[in-house]
Amino acid sequence: MRPPSPSIPEKEFLYTSLKESLRLDGRLSMEIRSPTLTFGDDLGWVECSLGKTRVLAQVEGKMVKPPPERPYEGIITIHSEISPMASNEYEPGRPSDEEVTITRMLDKVLKRSDAVDKESLCILAGQRVWHIRLTLHFLADAGNMLDCACLAGIVALKHFRRPDVEVVGDEVTVHEPTERAPIPLAIHHTPFCFTFAFFPDPTIPPVIDPSQLEQRLSAGMISIALNAQRELCVLQKLGGVPLDPDEVLKIVIIAVQKAKELNGVVEARLKEDWEGRHVEVR
Amino acid sequence: MVRSIFCQARPLLTSSQGSRIEILNQGGFRSDGRRQFELRDMSIDLAQQGQADGSAVVTHGLTHVLVSVFGPREAKVRSQAFHDRANINVEVAVAAFSTGDRRKRARGDKRILELAATIKSTFEPVVQTNLYPRSQIDVFVQVLQQDGGLLQACINATTLALVNAGIPLLDFVCAVTGGVHSTSPLLDLTLLEENDIPHVTVAVMPKTGRVTLVTMETRLHVDRFEEIFRLAADAGKVLHGEMKSAVRSRTSALVTAMGSGPRVGGGEIADKDGDDRMNEC
């Protein structure tokens with residue numbers, strides 16, 4: 001079902017206020033909504049919210065036989081179907097254009113960028129490897145679900161602990177979490193995604209982390225995923241308003257700055273949660 | 001050339017056994033004999049294919065892509081028609097024989113859907129859709145052979161097919177891939193190079209030099225990125241020259257065949273029409 005287009009007064013109000021660098025929710029044009037991370041009881045259960053946009057991520061692992069062409073690597077799969085729970089624009093079964101973009105972007109940011117080391121997930125070469133399954137549930141869409149989903153996904157992967165496994169010859173013993181402390185996944189780097197929206201009028205400056213209305217009225221979006229070590233993982237500008245190469249590079253520099261800040265926030269939050277859990281060490 | 005096809009057939013073994021092929025050797029030559037900034041041979045065929053209003057077969061080295069454009073025509077699906085502009089519909093089909101090993105792709109394959117969505121969003125601001133309300137422009141992309149630079153070839157072929165169909169565009173859209181091998185930038189990558197080094201695809205509109213599409217899926221440091229990004233944007237303008245001359249030669253061939261209208265730079269003889277010439281004799 002196609003959503004009703006924003007009304008003319010809404011459109012004009014948004015454009016006039018953006019011309020004066022005023023956003024409807026009071027943020028600066030280069031200010032993201034402060035992310036709130038809520039951890040569940042299980043390790044690897046994270047709910048991330050950027051303002052009213054909420055995404056839930058859950059990680060689970062099980063042991064499987066690896067495919068014959070890659071016997072030394074674990075498997076990571078990401079499941080992210082958008083249900084009508086997020087917004088009534090999304091239909092179950094048929095992926096809309098936006099959903100395809102989000103799913104592919106998540107795949108690129110979390111899987112193709114090699115954030116998680118797959119070789120460390122191998123238990124017994126050719127016979128047993130870990131299959132890590134990341135499931136994302138989109139709870140509410142108030143604009144920019146992509147950034148929220150990427151953040152939830154990477155934080156959940158960092159939060160998850162898999163059971164300790166001992167291999168003696170050909171025998172594999174899985175230790176319960178109560179016996180031996182579960183170990184975290186080997187994460188090479190932490191990618192964060194930032195989305196910028198552009199508008200048809202070239203005098204209106206770009207905004208970061210667009211809200212629902214800004215997203216609908218934008219003439220183009222550019223998504224940048226990068227880590228705190230100044231490495232770009234994914235840069236995607238799919239059509240939309242044509243931009244000068246200088247403008248694109250300016251945006252990249254802003255994203256580098258934001259990535260550093262966000263990394264600090266995420267690390268602090270993970271540490272806080274970990275200290276709050278009772279970990280028995282024998 | 002033969003070597004690179006063999007390596008395509010077993011890409012997985014190459015990656016785990018270490019690359020046997022040098023991406024850029026001491027003398028500054030790449031695996032297929034090109035220089036660092038040399039683009040692959042580009043051939044453009046604008047002959048009519050079937051019933052299409054416009055079509056183009058573009059090859060970049062060994063990558064062959066055929067695009068057929070139908071439209072603007074009446075919107076078949078009424079619910080998708082816009083009241084004030086035309087709807088652009090892109091469908092991509094990748095032939096099973098296009099890669100080294102035969103692999104049949106499902107219709108709902110996410111990668112192919114993404115390619116179609118990318119092409120659609122690239123051309124939406126470029127095609128003057130407001131001239132054709134309640135209409136539909138269908139773009140059918142058929143990938144015949146893949147050797148790297150697939151998105152690049154699809155975008156170039158779509159531009160030419162749209163121009164061939166006579167659909168008004170704001171400007172050409174020229175795409176090129178670029179990559180960085182340790183610190184040396186390379187342009188127009190083959191499949192072998194794409195699997196190995198971080199790469200970016202950039203599409204520019206040559207008249208203004210503005211960038212409509214940038215996609216990068218591999219990790220690359222920000223400083224390296226700036227260099228290759230500017231380079232690829234300039235390379236797009238070079239492709240523009242090729243595309244424009246192909247369109248010009250096709251148009252002048254058509255005009256000559258029809259025997260009508262003044263020839264470009266033609267003299268007095270060309271200005272007379274059939275009747276005048278008959279009356280002279």
Side-chain angles (χ1 to χ4, degrees), chain A residues 1-2 5 69-73 94-101 103-105 107-109 111-115 119 188-189 191 198 200 202 219-227 229-249 251-253 255-256 259, chain B residues 10-13 15-16 79-80 82 88 90 108-126 151 155 170-171 173 198 200-205 207-227 229-234 236:
Chain A
M1 190 184 85
R2 268 224 317 244
S5 326
E69 59 258 15
R70 288 178 201 267
Y72 307 110
E73 292 181 348
R94 208 180 159 274
S96 60
D97 266 350
E98 198 191 329
E99 191 178 329
V100 171
T101 318
T103 316
R104 287 290 306 156
M105 192 66 183
D107 189 51
K108 284 183 228 179
V109 173
K111 259 173 66 175
R112 283 205 61 183
S113 69
D114 276 335
E119 282 186 8
H188 288 152
H189 66 104
F198 291 89
M221 303 224 280
I222 178 169
S223 296
I224 306 182
L226 69 168
N227 58 26
Q229 285 79 43
R230 291 175 60 102
E231 278 183 332
L232 283 169
C233 303
V234 182
L235 195 157
Q236 195 154 276
K237 177 192 185 306
L238 300 177
V241 170
L243 295 174
D244 263 336
D246 294 320
E247 285 177 47
V248 175
L249 290 166
I251 300 247
V252 169
I253 292 174
V256 166
Chain B
R10 300 182 299 171
L12 301 165
L13 280 180
S15 59
S16 61
S79 57
Q80 282 178 3
F82 296 103
I88 303 179
V90 178
D109 186 24
K110 286 275 158 68
R111 265 220 196 135
I112 295 183
L113 281 180
E114 189 197 16
L115 188 62
T118 308
I119 297 173
K120 177 178 162 143
S121 58
T122 307
F123 283 95
E124 255 173 5
V126 178
L151 180 57
I155 289 181
L170 288 175
D171 195 358
V173 181
V200 58
T201 306
V202 178
V204 299
M205 289 169 64
K207 250 195 297 201
T208 51
R210 292 180 164 216
V211 166
T212 46
L213 170 104
V214 187
T215 50
M216 187 174 77
E217 300 172 12
T218 39
R219 256 191 298 166
L220 183 59
H221 198 266
V222 171
D223 304 325
R224 300 270 154 269
F225 172 72
E226 174 171 355
E227 200 186 346
F229 179 56
R230 287 195 192 277
L231 207 61
D234 285 334

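Each chain gets a letter, A, B and so on, in the order its sequence line appears, and its residues count up from 1.
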Would you mind telling me which of [options] has the largest number of heavy-atom pairs within less than 4.5 Å of chain B?
options                            : answer
L232(A), V234(A), I224(A), L226(A) : L232(A)
V248(A), V109(A), V241(A)          : V248(A)
Q229(A), Q236(A), R230(A)          : R230(A)
M105(A), R112(A), H189(A)          : H189(A)

To the nearest 0.5 Å, tell me how far [X] [atom1] sits from [Y] [atom2].
X       : Y       : atom1 : atom2 : answer
L238(A) : T118(B) : CG    : OG1   : 4.5 Å
R210(B) : L243(A) : CZ    : CG    : 7.5 Å
E217(B) : C233(A) : CD    : SG    : 12.0 Å
F229(B) : L235(A) : CZ    : CG    : 7.5 Å

Winner by heavy-atom pair count (cut-off under 4.5 Å) against chain A, out of L220(B), T122(B), T215(B):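 Option with the greatest count: L220(B).
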Only pairs of heavy atoms separated by less than 4.5 Å count here; which of G209(B), P125(B), S121(B), A203(B) has the most with chain A?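 When all of G209(B), P125(B), S121(B), A203(B) are compared, S121(B) has the most.
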State whether R219(B) and D114(A) are salt-bridged, where the test is any N-O pair (Lys NZ or Arg NE/NH1/NH2 against Asp/Glu carboxylate O) under 4.0 Å.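 So R219(B) does not pair with D114(A) through a salt bridge.
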E226(B), part contacting chain A, at a heavy-atom distance under 4.5 Å: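 Backbone plus side chain of E226(B), per the 4.5 Å heavy-atom cut-off to chain A.
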Under 3.5 Å donor-acceptor pairs involving side-chain atoms of residues 108-116 of chain B, not counting sequence neighbours:
| residue | atom | partner | partner atom | Å |
| --- | --- | --- | --- | --- |
| E114(B) | OE1 | R104(A) | NE | 2.8 |
| E114(B) | OE1 | R104(A) | NH2 | 3.4 |
| E114(B) | OE2 | K108(A) | NZ | 2.8 |

